[in-house]
Amino acid sequence: MLLAGCASAPEPVAVDPLALIDRDAALYLYIPAQSHLPLVSKALARIGGMSEQDAEKIAARAQTVCIAEESTRARTVFQLAASGSFPAGMAKLALTQHNGWLSQTADGLSFPYSYYQNTQSLVQVALPSAATALVSSDVSPQLALYDAAVSAPDEGGVPAGFDKAAYEFLTTGKPDDIRFYERKADAFFQNVAGVNLKLPLSSVSGVLEHSQKTDAGYRVTLILEVNEANAAPAKMKALLAGMKLALFGIPATVTQTGARRITITDLEVSKETLLSMFAW
């Protein structure tokens with residue numbers, strides 16, 4: 001068992017996990033954990049410095065897992081926020097100094113939230129209430145977001161400062177699908193397809209659903225939004241033809257589905273490939 005907050009922490013409060021991650025990251029993922037337990041467990045084990053056994057226990061209690069990620073020369077962002085049911089007291093039993101975790105306190109907030117840092121990976125984990133879990137290299141900004149959300153609850157909708165298009169895409173769709181939104185589109189497309197097309201894109205979003213071909217894989221749909229300056233019909237036609245040529249030999253279907261939109265379907269990825277795509 002792994003996550004828990006202080007025994008006298010605030011009562012569980014339903015806070016949208018997307019409201020507890022960076023507002024200006026490049027990549028966002030929205031994962032319904034109960035539909036993807038093996039994937040969530042492996043991701044937690046890789047990023048949290050946890051044993052697979054502990055990661056499986058956390059995943060089993062999570063409902064929705066949201067991740068913000070970006071890695072550039074200027075900054076590195078990796079934040080995870082999960083909603084679910086995480087009984088109080090678990091952390092004190094598992095996140096011990098003997099197991100390589102140091103207990104610390106985030107000051108300057110309305111409540112002195114406790115968190116734990118792994119002495120080897122330096123990853124931090126916190127449970128500000130029994131309904132919310134946080135994982136990152138620095139949970140202080142996330143705890144501040146949680147503290148603000150609890151102090152002044154909103155009425156739902158897009159969290160302040162969050163990209164509206166990204167939020168609406170991430171939270172709309174079939175309940176069992178993983179959804180992602182990438183604002184630095186070409187870099188992500190290179191990871192997915194293995195080619196650098198230097199495309200004039202404003203974003204790439206997509207849906208990951210369980211493959212019908214293999215139990216261990218995912219079926220991927222990519223939605224590419226072209227920059228407005230490059231969306232003239234002639235340019236779109238040329239871009240579509242170029243993409244089909246670049247992806248020749250890759251089992252994928254490329255179609256134009258809007259004035260600025262190109263959709264790629266029939267891509268298949270394994271669970272391991274998916275984990276590597278998101279740098280976990």
Side-chain angles (χ1 to χ4, degrees), residues 1-29 44 47-50 54 58 61-72 74-163 166-167:
M1 298 182 182
L2 189 58
L3 291 174
C6 180
S8 58
E11 291 298 315
V13 175
V15 177
D16 182 353
L18 282 174
L20 302 177
I21 56 179
D22 190 86
R23 301 294 198 267
D24 194 35
L27 172 67
Y28 297 100
L29 292 102
L44 286 171
I47 67 177
M50 313 170 190
D54 282 336
I58 297 171
R61 293 186 173 278
Q63 292 299 319
T64 301
V65 174
C66 297
I67 296 173
E69 181 181 317
E70 180 174 13
S71 182
T72 66
R75 69 173 194 156
T76 297
V77 171
F78 186 95
Q79 296 178 342
L80 180 152
S83 62
S85 177
F86 309 100
M90 292 174 63
K92 288 185 177 180
L93 294 175
L95 298 181
T96 65
Q97 187 171 357
H98 176 74
N99 291 334
W101 295 90
L102 297 178
S103 176
Q104 302 184 56
T105 301
D107 298 321
L109 303 175
S110 61
F111 182 85
Y113 298 99
S114 61
Y115 64 93
Y116 298 82
Q117 178 166 298
N118 187 289
T119 56
Q120 292 187 343
S121 68
L122 302 183
V123 169
Q124 298 176 358
V125 298
L127 186 69
S129 83
T132 300
L134 307 173
V135 181
S136 75
S137 60
D138 180 7
V139 295
S140 297
Q142 291 179 274
L143 287 171
L145 289 171
Y146 178 86
D147 193 57
V150 172
S151 301
D154 58 30
E155 298 180 355
V158 182
F162 206 100
D163 185 299
Y167 185 87

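Any value given below was found using the heavy atoms of this structure, including those in side chains, with hydrogens, waters and symmetry copies removed. In this chain, residues are counted from 1 in sequence order.
When all heavy atoms of Leu20 and Ala81 are compared, the pair lying nearest together is CB-CB, 3.9 Å. For the residue pair Val125 and Trp101, the shortest heavy atom distance occurs at CG2-CZ3, 4.0 Å. Summarising the geometry of Phe111 relative to Asp147, their closest heavy-atom pair is N-OD1, 4.0 Å, with the distance given to 0.1 Å. Phe86 and Ile58 make their closest contact through CE2-O, 3.9 Å (heavy atoms, listed as atom of the first residue, atom of the second, distance). Residues Gly161 and Arg23 come closest through the heavy atom pair O-CB, 3.5 Å.
In summary, the side chains of Ser140 and Asp138 do present a donor paired with an acceptor at a separation below 3.5 Å, with no hydrogens or angles considered. Counting only N and O atoms by type, the side chains of Gln104 and Ser114 include no donor and acceptor under 3.5 Å apart. A donor atom on one side chain and an acceptor atom on the other are found under 3.5 Å apart for Gln124 and Gln117.
Taken to the nearest 0.5 Å, the CD1 atom of Ile67 stands 5.5 Å off from the CG atom of Leu29. Taking OG1 of Thr105 as the start and CG of Asp107 as the end, the distance is 6.5 Å to the nearest 0.5 Å. With rounding to the nearest 0.5 angstrom, the CG atom of Asp163 is 11.5 Å from the CG atom of Leu18. How far CD of Gln142 is from CD1 of Ile21: 8.0 Å, rounded to the nearest 0.5 Å. Rounded to the nearest 0.5 angstrom, Leu145 CG and Thr132 OG1 are separated by 12.0 Å. Interatomic distance, Leu27 CG to Glu69 CD, rounded to the nearest 0.5 Å: 5.5 Å.
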Residue pair Ser129, Tyr146: steps toward the side chain to side chain contact (heavy atoms under 4.5 Å, CB included) verdict:
CA-CA 10 Å; Ser129 83; Tyr146 178 86; 3.2 Å; yes

Please step through side chain to side chain contact (heavy atoms under 4.5 Å, CB included) for the pair Leu134 and Leu143, ending with a clear verdict.
CA-CA 8 Å; Leu134 307 173; Leu143 287 171; 3.7 Å; yes

Step by step, would you call Thr76 with Glu70 a side chain to side chain donor-acceptor pair (under 3.5 Å)?
CA-CA 6 Å; Thr76 297; Glu70 180 174 13; over 6 Å; no

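Applying the side-chain contact (heavy atoms from CB on, under 4.5 Å) test to Thr64 and every residue at least two apart in sequence or in another chain returns Pro17, Tyr30, Cys66, Ser83.
Under the 4.5 Å side-chain criterion, counting only non-hydrogen atoms from C-beta, Pro159 is in contact with Tyr167.
Between Tyr28 and Phe162, the ring planes are tilted. Angles from 30° to 60° get that label.
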